[in-house]
Amino acid sequence: MEINENAALVVVDVQKGFEQEFWGRRNNPEAEANIAALIDAWQGTGRPVVFVRHDSSQAGSPLAPGTEGNGFKEFVEERRGKGPGPELLVTKSVNSAFYGEPDLDAWLKGAGVRQIVVVGIQTNMCNETTARMGGNLGYDVLFALDAMHTFDLAGPFGWTQTAEELTRATAVSLHGGRFARVVTTEDVLKGASAE
């Protein structure tokens with residue numbers, strides 16, 4: 001797999017609020033280690049890294065601005081500003097990182113970036129929405145499925161889906177629908193180091 005020299009790593013909503021019981025059962029306990037490895041690889045090669053933070057406007061949200069939960073998890077916060085490459089902080093109050101401040105699409109296009117790697121929280125929510133929009137905007141989107149996680153979820157008609165089922169559905173929809181290429185952290189790391 002070829003990773004462009006200026007491919008951007010988009011780290012979505014890796015915030016302390018997602019550690020609260022509020023969300024229920026999660027999947028993929030390896031997500032954080034894989035996200036950290038990708039940030040390290042990107043910073044080590046001087047590639048651009050985008051950190052996205054969700055500033056929830058919903059009352060009582062664990063991600064509300066001004067709360068501890070709004071902050072990035074420690075392993076992310078300690079890596080911010082450490083790489084020699086370009087870095088951007090995007091804040092948003094909706095699912096897509098492309099509807100935040102500053103304008104992610106304008107920043108990426110201004111830097112000549114055509115390929116993005118999406119990681120973070122949650123797989124089937126903000127990650128999937130960001131990947132779909134990225135695909136619609138013409139980016140080559142890589143969706144590192146093992147560098148993210150989600151939670152069990154209840155829906156309409158009494159339906160429920162486990163985090164694993166939601167992850168699988170997201171992967172099939174994105175990959176099968178050609179919004180993104182669903183890949184592993186190992187694939188991305190190998191491609192990023194083969195310059």
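- E128 places a side-chain heavy atom less than 4.5 Å from the side chain of L174.
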- Query: Is there a salt bridge (Lys or Arg N to Asp or Glu O under 4.0 Å) between R114 and D140 once you walk through the steps?
  - Reply: CA-CA 6 Å; R114 299 306 310 152; D140 175 20; over 6 Å; no
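- Contact check for W42 versus I3: side-chain heavy atoms found under the 4.5 Å cut-off.
- Note on E186 versus K190: salt bridge recorded, some NZ/NE/NH1/NH2 to OD/OE distance being below 4.0 Å.
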Check: residues 9-18 side-chain donor-acceptor pairs under 3.5 Å, at least two apart:
residue, atom, partner, partner atom, Å
D13, OD1, H54, N, 3.3
D13, OD1, K92, NZ, 3.4
D13, OD2, K92, NZ, 2.8
Q15, OE1, H54, N, 2.8
Q15, NE2, H54, O, 3.0
Q15, NE2, N70, O, 2.9
K16, NZ, E74, OE2, 2.9

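- Note: N136 CG to S96 OG = 9.5 Å, rounded to the nearest 0.5 Å.
- Looking only at distances, no side-chain donor or acceptor of S61 sits under 3.5 Å from a matching main-chain atom of Q58.
- Residues Y139 and V52 share a single hydrophobic cluster, defined by chaining ILVMFWY side chains whose heavy atoms lie under 4.5 Å apart.
- Scanning all heavy atoms of the two residues, the minimum distance from H149 to N27 falls at CB-O, 3.2 Å.
- F143 does not carry R181 over the face of its six-membered ring by the limits of under 6.0 Å from the centre and within 45° of the normal.
- Residues I121 and C126 approach most closely at O-CB, 4.2 Å, considering heavy atoms.
- No donor-acceptor pair under 3.5 Å is formed between the side chain of N34 and the backbone N or O of T185.
- Under the 4.5 Å side-chain heavy-atom criterion for grouping Ile, Leu, Val, Met, Phe, Trp and Tyr, V94 is connected to W107 within one hydrophobic cluster.
- E101 is not listed as a side-chain neighbour of D55, based on a closest heavy-atom distance of 4.5 Å or more.
- Heavy atoms of other residues, nucleotides or ligands lying less than 6.0 angstrom from CD of E19 number more than 12.
- When every heavy atom of P65 is checked against every heavy atom of S56, the shortest pair comes out as CD-O, 3.2 Å.
- Under the 4.5 Å side-chain contact rule for hydrophobic residues, F151 and L63 share a cluster.
- At a threshold of 4.5 Å between non-hydrogen side-chain atoms, the residues F72 and L89 count as touching.
- With contacts defined as side-chain heavy-atom distances shorter than 4.5 Å, the pair E2/Q115 does not qualify.
- How far CD of E164 is from OG1 of T123: 10.0 Å, rounded to the nearest 0.5 Å.
- Between R47 and A7, the shortest heavy-atom distance links the atoms CB-O, 3.6 Å.
- Atom CD of residue E32 and atom NZ of residue K73 lie 4.0 Å apart, to the nearest 0.5 angstrom.
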- Item | Steps toward salt bridge (Lys or Arg N to Asp or Glu O under 4.0 Å) verdict (E77, R80) | CA-CA 5 Å; E77 189 59 44; R80 289 183 60 219; 3.3 Å; yes
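- Criterion: ILVMFWY side-chain heavy atoms under 4.5 Å apart, direct or through other members. Under it, V119 and M1 are part of a common hydrophobic cluster.
- Here D152 pairs with R25 under the salt bridge (Lys or Arg N to Asp or Glu O under 4.0 Å) rule; sequence neighbours left out.
- The shortest side-chain heavy-atom distance between P48 and L88 does not fall under the 4.5 Å cut-off.
- Put simply, the side chain of Q122 does not reach to within 4.5 Å of the side chain of R26, judged on heavy atoms.
- We find the CZ-CG distance between R168 and L166 to be 10.0 Å, quoted to the nearest 0.5 Å.
- To the nearest 0.5 Å, the span separating CG on L145 from NE2 on H175 amounts to 11.0 Å.
- Connection of I35 to V117 is established within a shared hydrophobic cluster, with ILVMFWY side chains joined at heavy-atom distances below 4.5 Å, either directly or through further cluster members.
- Put simply, the residue from T150, T170, T129 that forms a side-chain hydrogen bond (donor to acceptor under 3.5 Å, both in side chains) with N124 is T150.
- Atoms CD1 and CG, on I116 and L104 in that order, are 7.0 Å from each other to the nearest 0.5 Å.
- A donor-acceptor contact shorter than 3.5 Å links the side chain of N127 to the backbone of G120.
- Between the D103 side chain and the D105 main chain, a donor and an acceptor come within less than 3.5 Å of each other.
- Side-chain contact between L38 and L189: present, with at least one pair of heavy atoms (C-beta onward) separated by less than 4.5 Å.
- Residue S173 comes nearest to F179 through the heavy atom pair O-CD1, 3.9 Å, listed as atom of the first residue, atom of the second, then distance.
- Side-chain contact annotation: N28 with T167, donor-acceptor N/O pair under 3.5 Å absent.
- Contact detail for A8 and L108: the closest heavy-atom pair is CB-CD2, 3.7 Å.
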